[in-house]
Amino acid sequence: MNDLRLIREKPDVMRDALAKRQMDTAPVERILALDEERRAKLSELETFRAQRNAFSKEIGRQQDVSQRELMKNQVRVINIQIDSLETLVGELDAQLQEALYELPNIPDADVPVGKDDSENVVIKNVGALREFAFTPQPHYELGPKLGYLDFERGVKLAGTRFYVTSGPITKLQRGLIQWLLDHHIARGYREFGLPFMVKEEIMLGAGQLPKFRDNLYHDVERDAWFVPTAEVPLTGLHAGDILDGDQLTLNYTAYTPCFRKENLAAGKDTRGIKRGFQFDKVEMYKYCKPEDSEQELQNMLMDIEDILVQLKIPYRVKQLCTGDLGFGSAKTYDLEAWAPGIGEWLEVSSASNVREFQARRGNIRFRRERGAKPEFVHTLNGSGLGIPRTMIAIIENYQQEDDWIEVPKVLREYVKLDMIK
RNA sequence: GGAGGGGUCGCAUAGCCAGGUCUAGUGCGGCCGCCUGCUAAGCGGCUCUAGGGGGUUAUUCCUCUAGCGCGGGUUCAAAUCCCGCCCCCUCCGCCA
């Protein structure tokens, strides 16, 4: 959520941000109008309330019964005003909140301006693409051929976009998760075990609601929403907190399954394990001081790159342009791993500086020192990594000619296998 | 699922039965000052959050409103009375 005061005082900043994101600026005008009316009515309401408070106090002191009754009647009249103003202000408030919740974050000044993902900027390529002496197979052919990846049974169990892994592929996946977590822990991140469902207010705080309602799984009986990423509970951890300035930056990591209802056209971009309704992910998260968030984004990027370097998977780093930037993000880098079987660069990670956008929604603040005014923290999130796509990259890059897969060296002690066949 | 107890301004508590000097008291912690070889003790003052209005617009300031788990209700007036919900603790039942 953006700062209402900023919009009030410098509406052009917000208009400009929306324009750069290829979005309509009309919501800004609506917010300005609502805000002005709300403040006018609020002022009126508070004046009446002050009057009522004064009268009530006086009634308590007044001994004379008829005087008291006289004043009671005056307050009754005032209360009629208060009631209707309260209703009005409440409605204006709700509309204003809703409008603010729908407004995306303001892109950083150094984010390239562009209309959509075609204008994202590749800022580096790392690792040579492997030269194959044979035609590399896509994972969705090699996996089933080996008997360790089963799409039919996934559909049988849970419907489209689900799959089943088994044997060494499952083991590889488990080892990969373990290795990733250990990697982050070694670099100063604290691991969390988190609920895979959260309350609606936590979803709101993380910026998933109300905007992405259609993409979330929801238990209607219990106000429980399945997390679409560990970023959600990691943001919620400190909702409402006032953190100690000396404790920042907080570096967190967590493994969770992620549940996303993406209603894509059947067959479009859905082949294989790239886009399931459920997938595993190890997430990285930071809470930091505002002045540190840019550097922390770079730190996180290095932490993620180190994973791909160690796995020896060729990758490239893209900076997202304004037109492709996520709703809550001010600046994002995508890391794409090369998958030679399907011949695609796969987004295995996305690292974003969210600045105070989530902190404001979730009311997450810090004090620089005792007695200082609380300020909003900055939050950052990054995948480290998305598991299925990393599995694709491993399987396809490490496949060998007669249908077997080498296990990356760094994973061997975790997977307890050298090869999958 | 059942019975009982609880949720108050960082922490610990009082206030609730008997609605109004509650502008929520007290202790601890913390901040400022005084005193003081040093430290401690002692003494005095201060102490939360959000929002509106006014004055300056860099901060400070004045004033009002709201907040006692959350949401309703009664009343001129609610921490206090009533209803619903949430959470925590104890016991019972049930169940991995």
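Each chain gets a letter, A, B and so on, in the order its sequence line appears, and its residues count up from 1.
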Donor/acceptor link under 3.5 angstrom from A/Glu46 side chain onto base of B/G51: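 Flag set: donor-acceptor pair detected.
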Please determine, for the side chain of [X], which listed nucleotide ([options]) has the closest atom?
X        : options             : answer
A/Arg38  : B/G51, B/U49, B/G53 : B/G51
A/Ser56  : B/G53, B/A66, B/G20 : B/G20
A/Arg367 : B/C64, B/A66, B/U49 : B/U49

I want to confirm an ordering. Mapping A/Arg68 and A/Leu42 to their closest nucleotides on RNA chain B, which one lands closer to the 5' end?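 Result of the comparison: A/Arg68.
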5' precedence on RNA chain B between A/Arg8 and A/Arg61 (nearest-nucleotide basis):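 Going by which nucleotide is closer to the 5' end, it is A/Arg61.
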Do we see a donor-acceptor contact under 3.5 Å between the side chains of [X] and [Y]?
X        : Y        : result
A/Asp292 : A/Gln295 : no
A/Tyr252 : A/His238 : yes
A/Tyr285 : A/Asn251 : no

Distance below 4.0 Å between [X] side-chain N/O and [N] OP1 or OP2:
X        : N     : result
A/Asn79  : B/A77 : yes
A/Arg5   : B/U57 : no
A/Lys373 : B/A50 : yes
A/Asn53  : B/A66 : yes

How far, in whole Å, is [M] from [N] if one measures between their [atom1] atoms?
N     : M     : atom1 : answer
B/U21 : B/G30 : P     : 33 Å
B/U75 : B/C87 : C1'   : 30 Å
B/A3  : B/C64 : C1'   : 47 Å
B/G84 : B/C43 : P     : 50 Å
B/C81 : B/C16 : P     : 9 Å

Paired with B/U65 by Watson-Crick or G-U wobble geometry, both distances under 3.5 Å: which nucleotide is it?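 With both distances under 3.5 Å, B/U65 matches B/A50.
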Under 3.5 Å for both donor-acceptor distances, Watson-Crick or wobble: does B/U26 have a partner, and if so which one?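 B/U26 is paired, partner B/A12.
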Taking atom [atom2] of [N] as reference, at what distance in whole Å does atom [atom1] of [X] sit?
X       : N     : atom1 : atom2 : result
A/Arg52 : B/A78 : CZ    : C1'   : 11 Å
A/Gln62 : B/A77 : CD    : P     : 17 Å
A/Glu86 : B/U65 : CD    : P     : 13 Å
A/Arg39 : B/G54 : CZ    : P     : 9 Å

For A/Glu375, is there an ion pair with A/Arg365 - N to carboxylate O distance below 4.0 angstrom?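 Between A/Glu375 and A/Arg365 there is no salt bridge, as every charged N stays at least 4.0 Å from the carboxylate O atoms.
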Under 3.5 Å donor-acceptor, A/Asp280 side chain and A/Pro388 backbone: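 A pair under 3.5 Å: no.
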